[in-house]
There are 2 protein chains.
Amino acid sequence: MSSIKEVAKQAHVSVATVSRVLNNDPVVKPATKNKVLQVIKEMNYKPNLLAKNLRKQASRTVVMVLPSMSNPYFSEIARGAQAAAYDKGYNIIIGTIESKRWILDTYINMLKTNLAEGIVFVSSSVSKELLETLVDEYSVVLCTEYYPGINAACVAIDNKKAGYEAARELIRRGHTHIAYIAGSSASSSVAARIEGYKEALNEAGIPFRPELIAGAKNKFEHVKEIVNGILGQGMQIDGILTHSDLQASYVLKGIKEKSIGLSDEVGLVSFDGTFVAEITNPTLTSIVQPLYDLGYTSVCKLIEKLQGESGDEEEGLILLPHHLEVRET
Amino acid sequence: MSSIKEVAKQAHVSVATVSRVLNNDPVVKPATKNKVLQVIKEMNYKPNLLAKNLRKQASRTVVMVLPSMSNPYFSEIARGAQAAAYDKGYNIIIGTIESKRWILDTYINMLKTNLAEGIVFVSSSVSKELLETLVDEYSVVLCTEYYPGINAACVAIDNKKAGYEAARELIRRGHTHIAYIAGSSASSSVAARIEGYKEALNEAGIPFRPELIAGAKNKFEHVKEIVNGILGQGMQIDGILTHSDLQASYVLKGIKEKSIGLSDEVGLVSFDGTFVAEITNPTLTSIVQPLYDLGYTSVCKLIEKLQGESGDEEEGLILLPHHLEVRET
DNA sequence: CTGAAAGCGCTTACAG
DNA sequence: CTGAAAGCGCTTACAG
């Protein structure tokens with residue numbers, strides 16, 4: 001109802017002055033300012049941000065897209081992202097792709113139609129090709145996955161080191177036939193973790209067997225098939241590394257219901273360290289990622305970029321610390 | 001860069017005509033339309049929605065606030081909500097309160113500053129007092145929790161019936177000392193489920209013991225304390241109903257690590273039916289709620305309300321079906 | 001069927 | 001220190 005014009009009339013000043021006090025312009029005389037402030041309060045006036053945004057050609061909104069929310073891994077990242085946006089005075093729109101291209105397009109359209117100023121892509125929620133077309137027109141930050149050759153900041157953990165540490169833990173316990181259930185897509189994090197895993201094997205003098213590596217989705221049936229597939233080739237397995245807590249929980253489930261041909265003596269180390277790792281039985285030993293911080297830092301980087309003048313500095317990889325949490329598996 | 005004005009110039013028409021083809025106004029001559037469409041494509045023009053929104057005084061955006069995302073219960077609701085928004089051509093902003101009043105205020109401010117047109121509150125993400133001040137000025141829908149006396153549509157399951165069915169299942173198995181770990185807040189769903197529980201006891205001739213009921217948060221420590229507190233009073237427990245899957249998983253954890261004084265013979269029925277119920281060991285018997293549909297329907301109702309002319313019809317309770325899924329506990 | 005013009009509610013040089 | 005005025009990029013009666 002009430003617009004800036006009515007406030008101006010009531011306060012006997014111009015709309016310009018009202019706008020100035022709204023924006024805390026120090027130039028307005030205290031007496032004037034107080035009068036206007038009082039009228040604003042009396043009228044319960046709230047500025048129409050639709051108008052402000054148009055005038056300033058800025059929505060002060062960023063978007064974060066994630067593959068889904070079904071994995072608590074992503075909700076923690078989203079939580080950090082939300083906090084960062086508020087700390088910086090931005091709105092944030094968090095969306096999940098659910099593997100649907102049209103949903104992704106909806107969010108990208110927000111960029112193109114001025115509804116959002118920048119975007120962070122979490123995990124592999126976007127293809128490299130699409131990214132290439134976006135990167136020089138819009139501000140984008142990557143979270144969790146790195147795309148070499150793409151000029152966008154990426155916030156992640158040191159996946160190679162993490163893969164190394166996870167494998168070393170199993171080796172330390174005496175496991176030598178270590179399967180690696182990687183993520184379902186060929187991503188930079190998968191590649192890096194495998195590299196680290198190989199390094200740990202190498203260090204321990206254990207031969208690398210490519211047959212022990214396979215990707216799987218975060219679905220019970222898929223994980224079961226993959227593990228049984230490896231066993232079916234006559235491979236032994238006495239240790240497993242999984243790409244996520246969820247996958248590890250499925251391994252446990254399969255062992256328990258005997259649909260996966262492994263004994264419960266198998267060593268199991270998962271990635272992520274979400275609450276899932278603590279509610280399984282046994283609880284999961286895992287590489288815990290600083291999920292909240294990953295989300296928080298990604299959004300901060302994005303907003304810095306939006307506010308930076310040149311923005312032409314080299315975009316790089318920002319690594320956040322992870323750690324191995326030894327639990328029961 | 002390119003605005004409607006430049007498209008108009010290139011196409012040798014007025015901006016009014018460009019606007020008309022943009023909005024699919026059937027009045028424009030096909031030849032003109034095609035010419036404009038072609039220029040739009042050539043220039044890769046995208047309308048500035050900031051301007052459109054201001055002009056139309058509508059953001060075509062709704063918000064959904066949830067207490068948090070840490071419980072997969074909420075992420076499923078959010079998933080449904082997102083889908084509904086897209087199906088209806090709206091943007092949706094999904095936010096989590098994390099028990100912080102200032103975050104809630106941020107989202108409510110989006111309503112007041114014209115950034116959003118309506119809001120759905122999930123679970124007890126808002127107090128009744130605040131709701132009362134919002135309800136006659138803005139479009140609001142409640143999801144999961146009902147506030148009697150508040151004129152807002154509410155989408156939920158029949159909690160009384162669900163509580164009844166959950167309790168009856170335990171009674172059917174021969175359990176007679178059934179504890180009820182309710183939600184942490186005094187909410188309509190808690191009250192209704194307890195009513196149903198009482199009804200089942202009554203039907204079976206089992207006396208109701210108020211000492212067997214206690215609220216708990218979705219925290220391991222809290223659930224442990226509550227259960228042990230009941231046992232400490234000298235109460236027996238051979239069955240438990242929990243407000244959430246998460247709480248049930250904590251009971252299981254406590255039994256396993258012997259920090260909760262219960263045997264694994266205890267009957268356990270949880271509410272929600274999220275993936276948590278399937279990854280615990282044993283898996284959880286639970287009342288599964290149509291989470292996705294709850295979110296989807298809530299947003300649909302909200303948008304209908306926004307689009308409805310009068311909007312003065314009586315707001316009511318919309319009940320969606322649930323069912324009992326018997327698993328291992 | 002199309003165009004000229006007003007206006008959505010703000011912000012911000014510019015002048016005083 | 002304050003105001004008049006232009007303008008952000010659209011939409012939409014109104015006139016023709």
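In what follows, chains are A, B, ... by sequence order, proteins preceding strands, each numbered from 1. If you're wondering where the values come from, they're calculated on a predicted model, not measured in any experiment.
A pairwise comparison of heavy atoms in B:Ile94 and B:Ala78 identifies CD1-O, 3.7 Å as the closest pair.
Nearest to the side chain of A:Thr32, among D:dC1, D:dT11, C:dG9, sits D:dC1. With C:dC10, D:dC14, D:dG9 as the choices, the nucleotide that has an atom nearest any side-chain atom of A:Ser3 turns out to be C:dC10. Distances from the side chain of A:Thr17 to the nucleotides C:dC10, C:dA4, D:dG3 place D:dG3 closest. Each of D:dG3, C:dT11, D:dC8 was ranked by its minimum atom distance to the side chain of A:Leu54; first place goes to D:dC8. The side chain of A:Arg20 has D:dG3 as its nearest neighbour among D:dT12, C:dC1, D:dG3. You'll find that the side chain of A:Ser14 is closest to D:dG3, out of D:dG3, C:dC8, C:dT12.
Considering B:Thr17, B:Asn24, B:Asp25 as possible partners of B:Lys33, the one that fulfils the side chain to side chain donor-acceptor pair (under 3.5 Å) test is B:Asn24.
Residue whose closest nucleotide on DNA chain C sits further toward the 5' end, between A:Ala51 and A:Ala16: A:Ala51.
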DNA chain D base-pair string [pairs: Watson-Crick or G-U under 3.5 Å; |: paired with another strand]: |||.||||||||.|||

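Within the 4.0 angstrom heavy-atom criterion, base atoms lie near A:Val27. At a threshold of 4.0 angstrom between heavy atoms, the contacts of B:Asn23 are confined to the sugar-phosphate backbone, with no base atom among them. Here A:Asn53 lies out of heavy-atom contact (under 4.0 Å) with every strand.
At distances below 3.5 Å, not a single donor-acceptor pair connects side-chain atoms of A:Ser19 with backbone N or O atoms of A:Val15. Side chain of B:Ser139 to backbone of B:Gly118: no donor-acceptor contact under 3.5 angstrom is found.
The interatomic distance linking B:Glu6 (CD) with D:dG9 (C1') rounds to 11 Å, in whole Å. Here D:dA6 presents its P atom at 22 Å from NZ of A:Lys56, a figure rounded to the nearest Å. Look at CD1 on A:Ile4: it is 11 Å from P on C:dT12, rounded to the nearest Å. Note: NZ (A:Lys5) to C1' (D:dA4) measures 13 Å, nearest angstrom. Spacing between atom NZ of A:Lys29 and atom C1' of D:dT2 amounts to 9 Å, rounded to whole angstrom units. What separates CZ of A:Arg60 from C1' of C:dT11 is a distance of 15 Å, to the nearest Å. Distance A:Lys46 NZ to C:dG9 P: 17 Å, rounded to the nearest Å. As a whole-Å value, the separation of A:Lys35 NZ from D:dG3 C1' is 13 Å.
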Checking B:Tyr147 against B:Phe121 for the ring pair (Phe, Tyr, Trp, His ring centres under 6.0 Å) test, could you report, in this order, the C-alpha distance in whole Å, the side-chain angles of both residues, the deciding distance, and whether it holds? CA-CA 11 Å; B:Tyr147 291 81; B:Phe121 292 106; 8.8 Å; no

Worked verdict on B:Thr96 versus A:Gln82 for side-chain hydrogen bond (donor to acceptor under 3.5 Å, both in side chains): CA-CA 8 Å; B:Thr96 60; A:Gln82 179 178 263; 3.1 Å; yes

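B:Glu6 and B:Lys9 are not joined by a salt bridge, as no carboxylate oxygen comes within less than 4.0 angstrom of a charged side-chain nitrogen.
With C1' as the reference atom, D:dG16 and D:dT12 are 16 Å apart, rounded to whole Å.
Both tests do not hold together for B:Arg79 against B:Tyr292: distance to the six-membered ring centre under 6.0 Å, angle to the ring axis within 45°.
Regarding contacts with the backbone of C:dC10, a side-chain N or O of A:Tyr45 is found under 4.0 angstrom from either OP1 or OP2.
Between the side chain of A:Arg55 and the base of D:dG9, no donor-acceptor pair under 3.5 Å is found.
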